[in-house]
Q: 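Here you go, one structure.
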Amino acid sequence: MQIANHKLTGCWHGPSPNSGGALNNPSILVMHFTASGGAGPQGVRNYFLNPAAKAAAHVIVGRNGVVEQVVAFNVRGWHAGKSIWRGVRNCNDFSIGIEIDNWGALTKTEDGKFRSYAGAVVAPARVTQARHKYDGVLRYWEIFDEVQLDALAEVTKTILAAYPSITEIVGHDDIAPGRKSDPGPAFPMSRFTSLVTGRDDAPPTRRRVTASRLNVRGGAGMQFEVLGQLQSGDMVDLLYDTPGMWAHISCTLGHTPGVTGWVADQYLR
Ligand SMILES: [Zn+2]
């Protein structure tokens with residue numbers, strides 16, 4: 001993936017009317033979630049192409065890893081809204097925005113299903129519990145798949161290489177705290193901020209199991225089926241973690257290599 005003429009090569013492009021004005025020397029990259037469903041970005045794309053939406057980020061990354069661009073990187077996208085970062089208002093003037101397809105916060109309804117605000121059902125294996133850093137309230141959130149995060153990492157690296165003026169990656173919730181919750185606590189932000197600080201070649205975060213027996217479950221909760229059992233001293237790769245809650249892990253060395261699932265993070269060190 002490359003950038004030519006302020007556009008990613010090899011992906012769909014459609015100029016959104018919800019943009020305008022020159023964007024020169026962007027200094028931050030803003031991560032969003034779309035609060036929408038679907039495998040690819042097409043549904044969101046149509047929203048961003050609609051003038052009535054009055055909103056568009058530069059790039060959309062679908063759950064299946066498909067990338068689309070609706071605003072060129074030298075044009076202001078309308079993605080931040082009322083916002084402030086390091087004392088400077090109107091972040092659209094100095095940022096590139098990426099929308100990541102994800103429902104965000106979910107509610108567990110009386111039938112035991114996890115649903116988005118729009119009523120869409122999300123499979124239990126795609127749900128985690130976490131507290132948002134700005135309100136501390138424990139909620140359910142849709143997780144982000146590896147295929148999507150890998151595509152997002154490639155887009156992020158490509159943008160950082162083309163626009164060295166970008167020195168920080170932030171969430172919409174960082175520049176509009178209290179008003180916005182995206183990309184939220186299920187998003188592994190540190191994996192992306194480390195791309196800016198040049199630590200993208202760092203090995204995966206390893207943890208050692210401290211409990212004598214530790215169940216690996218199919219979701220972030222005791223109600224999910226046990227997929228395997230770790231033992232004290234086993235090593236796991238941390239895919240992401242909600243401190244004090246559940247960690248999504250992949251077993252690397254030990255008794256159940258290859259198993260990916262969820263464990264209580266207090267038993268990892
Ligand atoms: Zn947003």
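Note that ligands are numbered from 1 as they come in the structure, with each ligand's atoms numbered from 1 the same way. Computed over heavy atoms, backbone and side chain alike; hydrogens, waters and symmetry mates excluded.
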Q: Could you check whether any side-chain heavy atom of Met189 comes within less than 4.5 Å of a side-chain heavy atom of Met31, counting everything from C-beta outward?
A: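 Result yes, sub-4.5 Å side-chain heavy-atom pair found.
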
Q: By ring pair (Phe, Tyr, Trp, His ring centres under 6.0 Å), which residues pair with His13, not counting sequence neighbours?
A: none

Q: Looking only at side-chain N and O atoms, does Ser181 offer a donor or acceptor that is under 3.5 Å from a partner on Asp173?
A: no

Q: With heavy-atom distances below 4.5 Å as the criterion, would you say the side chains of Leu230 and Cys251 are in contact?
A: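 Contact flag for Leu230/Cys251 side chains = yes.
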
Q: From the Zn ion (ligand 1), how many protein N/O/S atoms are found at a distance short of 2.8 Å?
A: 3

Q: Could you check whether any side-chain N or O of Glu225 sits under 3.5 Å from a backbone N or O of Arg217, counting only pairs where one atom can act as donor and the other as acceptor?
A: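 No; judged by distance alone, with no hydrogens or angles, the pair does not exist.
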
Q: Can you find a side-chain donor-acceptor pair between Tyr134 and Asp174 that sits under 3.5 Å?
A: yes

